[in-house]
Amino acid sequence: MKKLKALALPLLFSSSLAVAQNPLFTDVFTADPAALVHNDTVYLYTGHDEAPNNDVFFEMHDWLVFSSTDMVNWKKHGPIMKATDFKWAKGEAWASHMIERDGTFYFFTTVRHNDTKPGFAIGVATSKSPTGPFKDAIGHALVTDDMTKHTPNDWDDIDPAIYSEENGDTYMFFGNLMPKYVKLSDDLLSLDGEIKTLDLPNFTEALWVHKKNDNYYVSYACEFPEKICYAMSKSIHGPWEYKGILNEIAGNSETNHQSIIEYKGKDYFIYHTGAVPPIDGKPSGGRFRRSVAIEPLYYNEDGTLKRIIMTTEGLSKQDK
């Protein structure tokens with residue numbers, strides 16, 4: 001969710017390393033995290049907040065990627081593409097999700113469509129490298145606002161999250177105010193079936209699906225200001241049993257957006273906050289100037305999730 005134009009803090013997109021703390025990065029504003037584990041490396045994809053202050057709205061033009069082999073030190077690779085690299089898009093580089101299949105990386109993401117199909121849309125771009133560059137894979141949007149009429153809002157088809165079953169069946173979860181999902185074609189470049197809805201209480205946006213043992217989990221931003229809630233199921237198709245709040249309101253950010261991964265035998269919850277303090281007289285982080293953070297994620301014996309405790313130390317306090 002985003003809009004305007006100006007850099008608030010210097011961007012350092014070299015191969016420099018950042019030491020773990022929360023937020024992870026203080027020299028660039030990052031939001032809407034989506035993490036991918038590939039070849040023993042975690043690739044962290046984020047939106048890029050560039051609003052000059054917290055008084056107007058989001059301003060987001062491109063997507064960033066960082067990588068780590070220990071979840072503590074992060075290598076910065078810079079932007080992977082701009083929203084306007086989709087020739088049919090006006091801009092607005094909102095939330096995204098990355099998956100890999102057979103050596104190709106598929107980037108599903110939210111942008112604002114041009115006036116031929118007004119409203120927010122979901123596009124898909126591909127690359128042979130997890131750090132890009134990425135190019136539009138199909139030359140048009142995968143989902144446009146006119147394809148769903150569950151709400152009167154033109155931003156109800158946002159925040160794609162991809163989940164693949166062990167048999168290769170792949171689904172895209174997405175939506176604002178109404179949670180939706182749809183099966184993707186085998187080549188991941190078109191829809192393979194009707195768009196269906198989920199029954200999730202207090203749903204706002206930011207769906208994420210993962211599986212642990214025999215349990216499927218769907219987590220999502222709930223209410224507003226946003227907390228993260230979650231539900232569980234024994235099937236990707238539900239029914240989903242609501243389990244409650246997983247993460248409370250994150251600092252001075254009204255939005256939240258999570259990514260959940262397992263890496264080297266440990267589980268992690270990645271989210272964003274507005275916690276960057278004023279630096280060199282620049283405005284602080286906040287509602288339109290967000291920053292990614294990470295905490296460990298723990299499961300109870302019955303498979304339910306333990307409440308996330310947000311910290312400033314992040315993973316640096318753990319024995320790695």
Problem - Step-by-step side chain to side chain donor-acceptor pair (under 3.5 Å) determination, Arg289 to Ser284 - result: CA-CA 8 Å; Arg289 293 156 60 84; Ser284 69; over 6 Å; no

Exercise for the section: Quick one: do Lys90 and Glu92 satisfy salt bridge (Lys or Arg N to Asp or Glu O under 4.0 Å)? Show the steps, please. Expected result: CA-CA 7 Å; Lys90 282 185 173 182; Glu92 311 285 21; over 6 Å; no

Exercise for the section: Give the intermediate values and the outcome of ring pair (Phe, Tyr, Trp, His ring centres under 6.0 Å) for residues Phe105 and Tyr43. Expected result: CA-CA 11 Å; Phe105 294 85; Tyr43 293 92; 7.1 Å; no

Practice task
Just do the side chain to side chain contact (heavy atoms under 4.5 Å, CB included) check on Leu64 and Thr30 with the steps written out, would you?
Solution key: CA-CA 8 Å; Leu64 310 179; Thr30 53; 4.2 Å; yes

Exercise for the section: Might you work through the salt bridge (Lys or Arg N to Asp or Glu O under 4.0 Å) test for Arg112 and Asp145, ending with a clear yes or no? Expected result: CA-CA 10 Å; Arg112 181 176 282 280; Asp145 182 59; over 6 Å; no

Problem - Worked check of salt bridge (Lys or Arg N to Asp or Glu O under 4.0 Å) between Lys149 and Asp156 - result: CA-CA 9 Å; Lys149 291 300 178 185; Asp156 62 350; over 6 Å; no

Handout entry: Step-by-step salt bridge (Lys or Arg N to Asp or Glu O under 4.0 Å) determination, Lys180 to Asp157
Key = CA-CA 9 Å; Lys180 292 164 274 193; Asp157 297 316; 2.6 Å; yes

Exercise for the section: Could you walk me through whether Gln21 and Glu313 pass side chain to side chain contact (heavy atoms under 4.5 Å, CB included), step by step? Expected result: CA-CA 5 Å; Gln21 59 182 0; Glu313 300 96 337; over 6 Å; no

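Rounded to the nearest 0.5 angstrom, Leu297 CG and Ile261 CD1 are separated by 10.5 Å. Distance check, rounded to the nearest 0.5 Å: CG of Leu305 to CZ of Phe269 gives 9.5 Å. Rounding to the nearest 0.5 angstrom, the gap separating the OG atom in Ser96 from the CZ atom in Phe108 is 11.5 Å. If you take NZ on Lys306 and CG on Asp267, they are separated by 12.0 Å, rounding to the nearest 0.5 Å. Atom OG in Ser235 sits 7.5 Å away from atom CH2 in Trp240 (nearest 0.5 Å). We find the CH2-CD1 distance between Trp88 and Ile138 to be 7.5 Å, quoted to the nearest 0.5 Å.
Within 6.0 Å of CG on Asp192 lie more than 12 heavy atoms contributed by other residues, nucleotides or ligands.
No side-chain N or O of Asn39 forms a donor-acceptor pair with one of Thr41 less than 3.5 Å apart. In this structure, a donor-acceptor pair under 3.5 Å is absent between the side chains of Thr109 and His97.
Annotation for Tyr268 and Tyr263: closest pair CE1-O, 3.8 Å, computed over non-hydrogen atoms. Of all the heavy atoms in Ser219 and Ile228, the pair that sits closest is CB-CG2, 4.2 Å.
In this structure, Trp208 has its ring center at least 6.0 angstrom away from the ring center of Tyr220. Checked against a 6.0 Å centroid threshold, the rings of His48 and Trp63 do not count as neighbours. The aromatic ring centres of Tyr171 and Tyr163 sit 6.0 Å or more apart.
Sorted by first then second residue, the ring-ring contact (aromatic ring centres under 6.0 Å, His included) pairs that include residues 125-152, not counting sequence neighbours, are Phe107-Phe134.
The aromatic rings of His237 and Tyr181 sit tilted, their planes meeting at an angle between 30° and 60°.
Figure legend: Lys211 and Tyr217 shown without cation-pi pairing, the cationic atom not lying both under 6.0 angstrom from the six-membered ring centre and within 45 degrees of its axis.
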